[in-house]
Novice: 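Pasting in a structure now, in structure tokens, and then I'll have a few things to ask.
Computed from a prediction, not measured in an experiment: that's the story for all the values here.
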Amino acid sequence: MDWQALFNMQKQLDSYIEENHGLEKADLFDKKILALLVELGELANETRCFKFWSKKPRNKQSVILEEYVDVIHFLMSVGINKGYDSFESTNNQHINRSEIDQFQIVYEQTIMYKNEPNKAKYEELFSSCIDLGNILGFSEEDIQRAYLEKNEINYKRQNQGY
């Protein structure tokens, strides 16, 4: 997958939002980290993987993919914020972990990156998020298509005073 193209789109969206809200000089790193954690929670909520007390089924895969792409938006944004604006796809092998385990790994790595925002921690976090997508059943093509669709929605929302 061409992650560089998505990173470039994310940089443009981030700049657009910052200009639109007068935040060009603001340090948004902690807010973006919290947004990433919230989006991870929203994603987990749609999968319902942790809701052992409920018989209600998980949401449709299309809804889960849209939430996953929200995670990807903030994942790229927290990297861009610290000057990390690329990711090299690796051949992801079959991950033999539960969704719950992978969500917890991503949460932990997000906090580790927050506390020590270096390139190695970012790459670990990014890889773990990609692993989560694989566990959820998404291909790189699914992710890229959904990212492009959601990016367009994000611009429309900004233009409508979201």
Novice: Which heavy atom of Val106 sits nearest to which heavy atom of Ser128, and what is that distance?
Specialist: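 Heavy-atom minimum between the residues: CG2-O, 3.6 Å.
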Novice: For a side chain to side chain contact (heavy atoms under 4.5 Å, CB included) check, start with the C-alpha distance between Tyr107 and Ile111, then their side-chain angles and the critical distance, and finish with the verdict.
Specialist: CA-CA 6 Å; Tyr107 271 104; Ile111 297 303; 5.9 Å; no
Novice: Distance-only, no hydrogens or angles: does the Gln10 side chain make a donor-acceptor pair with backbone N or O of Ser77 under 3.5 Å?
Specialist: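 No: the side chain of Gln10 does not pair with the backbone of Ser77.
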Novice: Is a donor from one side chain sitting under 3.5 angstrom from an acceptor on the other, for Ser86 and Gln4?
Specialist: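 No - no donor-acceptor pair under 3.5 Å links their side chains.
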Novice: Are side-chain N/O atoms of Glu39 and Tyr68 paired as donor and acceptor at under 3.5 Å?
Specialist: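 No, Tyr68 and Glu39 have no side-chain donor paired with an acceptor closer than 3.5 Å.
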Novice: Looking only at side chains, do Gln158 and His21 share a donor and an acceptor under 3.5 Å apart?
Specialist: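 Present: a donor and an acceptor within the cut-off.
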Novice: Does Lys51 have more than 12 heavy atoms from other residues, nucleotides or ligands lying within 6.0 Å of its NZ?
Specialist: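 It does: Lys51 NZ has more than 12 such atoms within range.
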Novice: Give the C-alpha distance, both sets of side-chain angles, the deciding distance and a yes or no for side chain to side chain contact (heavy atoms under 4.5 Å, CB included) between Phe103 and Thr47.
Specialist: CA-CA 11 Å; Phe103 270 109; Thr47 70; 4.0 Å; yes
Novice: Taking the six-membered ring where the residue is Trp, are the ring centres of Tyr16 and Tyr155 under 6.0 Å apart?
Specialist: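 Here the rings of Tyr155 and Tyr16 have centres that are less than 6.0 Å from each other.
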Novice: Establish, yes or no, whether a centroid distance under 6.0 Å links the rings of Tyr84 and Phe7.
Specialist: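 Tyr84 vs Phe7: aromatic centres not under 6.0 Å.
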Novice: Using only heavy-atom distances, determine whether the side chains of Asn118 and Glu116 contain a donor-acceptor pair under 3.5 Å.
Specialist: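 Distance-only check passes for Asn118 and Glu116.
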Novice: With clusters defined by side-chain heavy atoms of hydrophobic residues (ILVMFWY) lying less than 4.5 Å apart, directly or transitively, does Ile153 cluster with Val71?
Specialist: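 No, because Val71 and Ile153 fall into different hydrophobic clusters, even though each may have its own neighbours under 4.5 Å.
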Novice: Do Met9 and Ile80 share a hydrophobic cluster (ILVMFWY, side-chain heavy atoms under 4.5 Å, transitive)?
Specialist: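 Result: yes, single cluster for both.
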Novice: More than 12 heavy atoms of other residues, nucleotides or ligands under 6.0 Å from CD of Glu152: yes or no?
Specialist: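 No, not enclosed.
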Novice: Is it possible for you to check whether Lys82 lies under 6.0 Å from the centre of the six-membered ring of Tyr122, through NZ or CZ, and within 45° of that ring's axis?
Specialist: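 Cation-pi check for Lys82 and Tyr122: fails.
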Novice: Is there a side-chain contact between Phe50 and Glu99, using heavy atoms and a 4.5 Å cut-off?
Specialist: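 Of all side-chain heavy-atom pairs linking Glu99 with Phe50, none is under 4.5 Å.
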Novice: Would the number of heavy atoms belonging to other residues, nucleotides or ligands and lying under 6.0 Å from CG of Asn115 be above 12?
Specialist: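 Yes, CG of Asn115 has more than 12 neighbouring heavy atoms, counting only those of other groups under 6.0 Å.
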Novice: Going by distance alone, is a donor N or O of one side chain under 3.5 Å from an acceptor N or O of the other, for Asp142 and Ser139?
Specialist: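 On atom types as modelled, these side chains qualify, holding a pair under 3.5 Å.
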Novice: Salt bridge between Glu18 and Lys32, side-chain N to carboxylate O under 4.0 Å?
Specialist: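 Between Lys32 and Glu18 there is a salt bridge, with a charged N closer than 4.0 Å to a carboxylate O.
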Novice: For residues Met1 and Met76: do they belong to one hydrophobic cluster (side chain heavy atoms under 4.5 Å, members Ile, Leu, Val, Met, Phe, Trp, Tyr)?
Specialist: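 Met1 and Met76: one cluster.
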Novice: Closest heavy-atom contact between Ile100 and Cys49?
Specialist: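 So the two residues come closest at CD1-O, 3.3 Å.
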Novice: Give the minimum heavy-atom separation between Gly22 and Glu24, together with the two atoms involved.
Specialist: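 Closest approach of Gly22 to Glu24, heavy atoms only: C-OE1, 3.3 Å.
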Novice: Shared ILVMFWY cluster between Leu148 and Ile130, side chains joined below 4.5 angstrom?
Specialist: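 The answer is yes; both residues are in one hydrophobic cluster.
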Novice: Output the distance between atom CG (Leu34) and atom OG1 (Thr110), rounded to the nearest 0.5 Å.
Specialist: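 Going from CG on Leu34 over to OG1 on Thr110, the span is 11.0 Å.
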Novice: Do Val78 and Leu28 land in one hydrophobic cluster if side-chain heavy atoms of ILVMFWY residues count as linked below 4.5 Å?
Specialist: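 No; tracing contacts between hydrophobic side chains, which count when under 4.5 Å, never links both residues.
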Novice: Take Leu6 and Phe87 through the test side chain to side chain contact (heavy atoms under 4.5 Å, CB included) and record every step on the way to the result.
Specialist: CA-CA 10 Å; Leu6 298 187; Phe87 179 75; over 6 Å; no
Novice: Can you tell me how far apart CZ (Arg157) and NZ (Lys150) are? Round to the nearest 0.5 Å.
Specialist: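 Result: 4.5 Å between the selected atoms.
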Novice: Counting distance only, does the side-chain N/O of Ser127 pair as donor-acceptor with the main-chain N or O of Glu124 below 3.5 Å?
Specialist: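 Pair absent, no side-chain N/O of Ser127 close to backbone of Glu124.
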Novice: For the residue pair Leu132 and Leu43, what are the closest heavy atoms and their distance?
Specialist: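 It is CD2-CD2, 3.9 Å.
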Novice: Can you tell if the side chain of Phe74 reaches within under 4.5 Å of the side chain of Leu37, non-hydrogen atoms only?
Specialist: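 No, side chains not in contact.
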Novice: Over all heavy atoms of both residues, which pair between Cys129 and Leu75 is shortest? Give the atoms and the distance, please.
Specialist: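 Shortest heavy-atom separation between Cys129 and Leu75 comes out as CB-CD2, 3.6 Å.
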Novice: Indicate yes or no for a side-chain donor-acceptor contact from Asn134 to the backbone of Leu136 under 3.5 Å, with no hydrogens or angles considered.
Specialist: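 Not at all, since once roles are kept as given, no pair shorter than 3.5 Å links the two residues.
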Novice: I need the Leu40 CG to Glu67 CD distance, nearest 0.5 Å.
Specialist: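 Those atoms lie 10.5 Å apart.
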Novice: Looking at Leu125 and Leu36, what are the two nearest heavy atoms and their distance?
Specialist: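 Nearest pair, atom of Leu125 first, then Leu36: CD2-CD2, 4.3 Å.
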Novice: To the nearest 0.5 angstrom, please state how far the CD atom of Glu46 sits from the CD1 atom of Ile64.
Specialist: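 So the gap between those two atoms works out to 7.0 Å.
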Novice: Does Arg48 use its side chain to pair, donor to acceptor, with the backbone of Lys56 at less than 3.5 Å?
Specialist: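 Side chain of Arg48 to backbone of Lys56, a donor-acceptor pair under 3.5 Å: yes, one is there.
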Novice: Distance from Leu65 atom CG to Glu149 atom CD, nearest 0.5 Å?
Specialist: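 Answer rounded to 0.5 Å: 8.0 Å.
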Novice: How long is the span from the CG atom in Leu13 to the CG atom in Asn20, to the nearest 0.5 Å?
Specialist: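 One finds 10.5 Å between CG of Leu13 and CG of Asn20.
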Novice: Between Phe126 and Trp3, is the side chain to side chain contact (heavy atoms under 4.5 Å, CB included) condition met? List the steps.
Specialist: CA-CA 11 Å; Phe126 206 108; Trp3 284 106; 3.8 Å; yes
